[in-house]
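Working notes, beginning with the structure itself.
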Amino acid sequence: MSLVVVGSVAYDGVTTPAGSHERILGGACTYISLAASFFTPVRIVGIVGEDFAQADLDFLTSRGIDIAGVERAPGKTFYWRGVYSEDMNSRETLQTDLNVFGGFDPKLPESYRHEPYLMLGNIQPSLQRSVCSQMAAPMLVGGDTMDYWINDFRPELLETLKQWNFLLINDSEARLLSGEKNLKRAAAVIRAMGPSILVIKRGEYGATLFHEDGYSNIPGIILEHLKDPTGAGDCFAGGFIGYLASRRVRLDGGAVSGMELARAVVYGCVMGSFCCEEFGPDRFRTLTRDEIEVRFQEFRALTAF
Ligand code: AMP
C-alpha cells in the first residue's frame with residue numbers, strides 16, 4: 001500500500017538571511033516524498049538529467065523511496081534559484097531553467113499502477129491528469145497547483161480538479177481560483193469544482209481545513225531558528241497525505257472524519273516546520289519518527305484549552 005508522488009526533481013540555488021547555497025537538492029517531488037516517507041512507503045515519478053548525482057538518488061532510496069519511476073534523460077536537471085526576504089515570508093524567483101523537465105511526459109511503471117494513494121505535485125494540469133488516468137483505481141487523489149496554472153491554464157486545471165479528492169493551495173491562490181475574496185465562500189466554490197477536502201495553507205500562520213462537516217483553523221508552528229523555507233509547502237503535503245495513507249484512509253466508503261483530517265494537517269505543519277530547520281532537504285537526513293511525534297504532541301499541548 002504505497003503513495004505515488006509526481007513532480008519536479010531539481011537542483012536549487014537558495015539565498016536566505018541564514019546563508020546561501022548555489023546548488024542543493026530540491027524539487028517538489030523530492031520534498032513531498034521525503035516528508036511522506038516517514039509515514040508510508042513512497043514511489044516517485046520524475047525526470048532528471050545526466051548531471052543528477054548518484055548520491056542524491058541514494059539519499060532518496062535510503063529513505064525507502066522507490067525510484068523506478070525516475071527517468072534519466074539527456075541534458076541537465078531542472079534548476080531553480082530564489083532569494084528570500086528578511087522575514088522569510090516571501091521570495092523572489094531569480095532563475096528557472098526547465099532543462100529536461102520541459103519534456104517531462106510522466107509514465108508510471110506497471111508496478112505503480114495499482115497503488116491506492118496519489119499526490120500530484122505542482123506540474124502542468126494535463127500532466128497531472130495523465131498520471132491520474134494511468135492509475136487503476138486510486139482511493140485518495142489530490143495535489144497542488146499555483147497561480148501560473150490558475151491564470152493561464154484555467155480550463156485544463158478545472159478539468160483536472162474534477163478527479164481530485166483533496167487540494168492544497170495557499171490563500172491568495174484560493175482567492176484567484178475561486179474569484180471570491182472571502183475564504184469561506186472561496187472554499188465553497190473550490191469544493192464544488194471537485195476536491196471535497198480543501199486545505200488552504202497560510203505560511204507561518206498555519207492552515208485552514210475545509211471538508212464535508214465544516215472547517216477548522218490549525219495554527220502554525222513558530223520556529224526560533226529557521227534557515228530555509230524552500231519546500232515547506234511540499235513537506236506539508238507529504239506529511240498530510242503520508243499520514244492519511246498510514247491510516248489507510250479511503251473516500252470511496254464515505255467521508256473521512258474531520259478529526260482525522262485535522263491530525264493530517266497538523267502532521268503537515270510538523271513536517272513543513274522540520275523542513276525549514278536546514279538548507280534544502282538536509283533535515284530529513286537525521287530526522288527520526290520520535291522527533292516527529294514529540295513535535296506533534298507539543299503542538300497538541302499548544303492548541304488545547
Ligand atoms: P515550495 O517552497 O514548497 O514552493 O517548493 C519549492 C520547490 O519547488 C523547489 O525545490 C523548486 O525546485 C521547485 N520549483 C520551483 N519552481 C517550480 C516550477 N515552475 N515547477 C516545478 N517545481 C518548481
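For this chain, numbers begin at 1 and follow the sequence in order. Predicted model, so just to flag it, every value in this text is computed and none were measured.
- Aromatic ring centroids of Y215 and F210 lie under 6.0 Å apart.
- Judged purely by atom type and a 3.5 angstrom limit, E291 uses its side chain to pair as donor or acceptor with the backbone of T288.
- Note: D144 CG to W164 CH2 = 7.0 Å, rounded to the nearest 0.5 Å.
- Judged by distance alone, with hydrogens and angles left aside, the side-chain atoms of T61 form a donor-acceptor pair with the main-chain N or O of L57 at under 3.5 Å.
- In this structure, CZ in R185 is found 13.0 Å from CD1 in I190, a value given to the nearest 0.5 Å.
- I24 and W80 end up in the same hydrophobic cluster when Ile, Leu, Val, Met, Phe, Trp and Tyr side chains are linked at under 4.5 Å.
- Judged by the 6.0 Å distance and 45° axis criteria, R285 is positioned over the aromatic ring of F59.
- F296 and Y267 have parallel rings, their planes meeting at less than 30° on a 0 to 90° scale where 60° marks the start of perpendicular.
- Listed for the D87 side chain is a donor-acceptor partner under 3.5 Å among the backbone atoms of N89.
- Among all heavy-atom pairs drawn from G258 and H211, the shortest one is CA-CE1, 3.5 Å.
- Every residue two or more places apart in sequence or in another chain that forms a side-chain contact (heavy atoms from CB on, under 4.5 Å) with C275 is listed here: Y31, C235, F284.
- The shortest side-chain heavy-atom distance between L168 and M119 falls under the 4.5 Å cut-off.
- Between F104 and L98 the shortest side-chain heavy-atom distance does not fall below 4.5 Å.
- S130 OG to K107 NZ: the interatomic distance, rounded to the nearest 0.5 Å, is 7.0 Å.
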- [ ] Could you check E159 against R129 for salt bridge (charged side-chain N to carboxylate O under 4.0 Å, His left out), going step by step and ending with a plain yes or no?
- [x] CA-CA 8 Å; E159 203 49 42; R129 203 160 73 244; 5.6 Å; no

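- The two residues V249 and M139 come nearest to each other via the heavy atoms O-CE, 4.1 Å.
- Enclosure of atom CZ in R248 is not indicated, since only 12 or fewer non-hydrogen atoms of other residues, nucleotides or ligands lie within 6.0 angstrom.
- Side chain to side chain, T286 and R283 meet the donor-acceptor criterion of an N or O pair below 3.5 Å.
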Open item on the list: side-chain contact (heavy atoms from CB on, under 4.5 Å), that's the test. Do R154 and L177 meet it? Break it down for me.
Closed with: CA-CA 8 Å; R154 192 177 176 83; L177 177 59; 4.2 Å; yes

Task: Working for side-chain contact (heavy atoms from CB on, under 4.5 Å), residues F39 and M271 - done: CA-CA 11 Å; F39 300 88; M271 298 313 285; 3.9 Å; yes

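- Side-chain N or O atoms of R113 include none that pairs as donor or acceptor with a backbone N or O of M135 at under 3.5 Å.
- With rounding to the nearest 0.5 Å, the separation of CG in L157 from NZ in K162 is 11.5 Å.
- Residues D97 and K76 form no side-chain contact, since every pair of their non-hydrogen atoms from C-beta on lies 4.5 Å or further apart.
- Using a 4.5 Å heavy-atom cutoff, the side chains of L34 and L60 are in contact.
- Annotation: the span from K201 atom NZ to L209 atom CG amounts to 13.5 Å, rounded to 0.5 Å.
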TODO: Evaluate side chain to side chain donor-acceptor pair (under 3.5 Å) for T230 paired with D228, printing each intermediate quantity in order.
DONE: CA-CA 6 Å; T230 310; D228 173 16; 2.6 Å; yes

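- A donor-acceptor pair under 3.5 Å is formed between the side chain of E156 and the backbone N or O of S126.
- One finds the CG atom of L167 at 11.5 Å from the OG1 atom of T160 (value rounded to the nearest 0.5 Å).
- Using a 4.0 Å cut-off between charged side-chain N and carboxylate O, E293 and R289 make a salt bridge.
- Heavy-atom minimum distance, P109 versus G69: CG-CA, 3.7 Å.
- In this structure, a donor-acceptor pair under 3.5 Å is present between the side chains of N170 and S172.
- Nearest heavy-atom pair, N99 versus Y79, reported as atom, atom and distance to 0.1 Å: ND2-N, 4.1 Å.
- The number of heavy-atom neighbours closer than 6.0 Å to CD of Q297, taken from other residues, nucleotides and ligands shown, is above 12.
- Across all their heavy atoms, V9 and G46 have their closest contact at CG2-CA, 4.4 Å.
- For Q54, the CD atom sits in a packed shell: over 12 heavy atoms of surrounding residues, nucleotides or ligands are nearer than 6.0 Å.
- Proximity of a side-chain donor or acceptor of T77 to a complementary backbone N or O of G49 within less than 3.5 Å is detected.
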- [ ] Would you sort out whether E173 and T145 count as a side-chain contact (heavy atoms from CB on, under 4.5 Å), showing the intermediate values?
- [x] CA-CA 8 Å; E173 289 159 354; T145 193; 5.7 Å; no

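- Under a hydrophobic-cluster definition in which Ile, Leu, Val, Met, Phe, Trp and Tyr are linked whenever side-chain heavy atoms come within less than 4.5 Å, directly or via other members, L183 and L198 are assigned to the same cluster.
- Cluster membership for V141 and L127, using ILVMFWY side-chain heavy atoms within less than 4.5 angstrom, is shared.
- Looking at Q134 and V4, their side chains never come closer than 4.5 Å, going by heavy atoms from C-beta outward.
- Salt-bridge check for E115 with R43: passed, with a basic side-chain N closer than 4.0 Å to an acidic carboxylate O.
- Connection of I169 to L161 is established within a shared hydrophobic cluster, with ILVMFWY side chains joined at heavy-atom distances below 4.5 Å, either directly or through further cluster members.
- Inter-residue side-chain proximity for T30 and I44 is flagged as unmet; no heavy-atom pair is nearer than 4.5 Å.
- In summary, the side chains of T208 and R202 do present a donor paired with an acceptor at a separation below 3.5 Å, with no hydrogens or angles considered.
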TODO: Would you check, one step at a time, whether the test side-chain contact (heavy atoms from CB on, under 4.5 Å) holds for F101 with I123?
DONE: CA-CA 10 Å; F101 194 53; I123 53 173; 3.5 Å; yes

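- In this structure, the side chains of F78 and T96 come closer than 4.5 Å at one or more pairs of heavy atoms.
- With hydrophobic clusters built from ILVMFWY side chains whose heavy atoms lie under 4.5 angstrom apart, I32 shares a cluster with F52.
- In summary, the side chains of D51 and Y11 do not present any donor paired with an acceptor at a separation below 3.5 Å, with no hydrogens or angles considered.
- For the residue pair R295 and S273, the shortest heavy atom distance occurs at NH1-OG, 2.8 Å.
- For the pair T16 (side chain) and Y84 (backbone), a donor-acceptor distance under 3.5 Å is absent.
- Counting heavy atoms from C-beta on, the side chains of R247 and V256 never come closer than 4.5 Å.
- The number of heavy atoms from other shown groups lying within 6.0 Å of CG (L158) is above 12.
- F240 and F236 have parallel rings, their planes meeting at less than 30° on a 0 to 90° scale where 60° marks the start of perpendicular.
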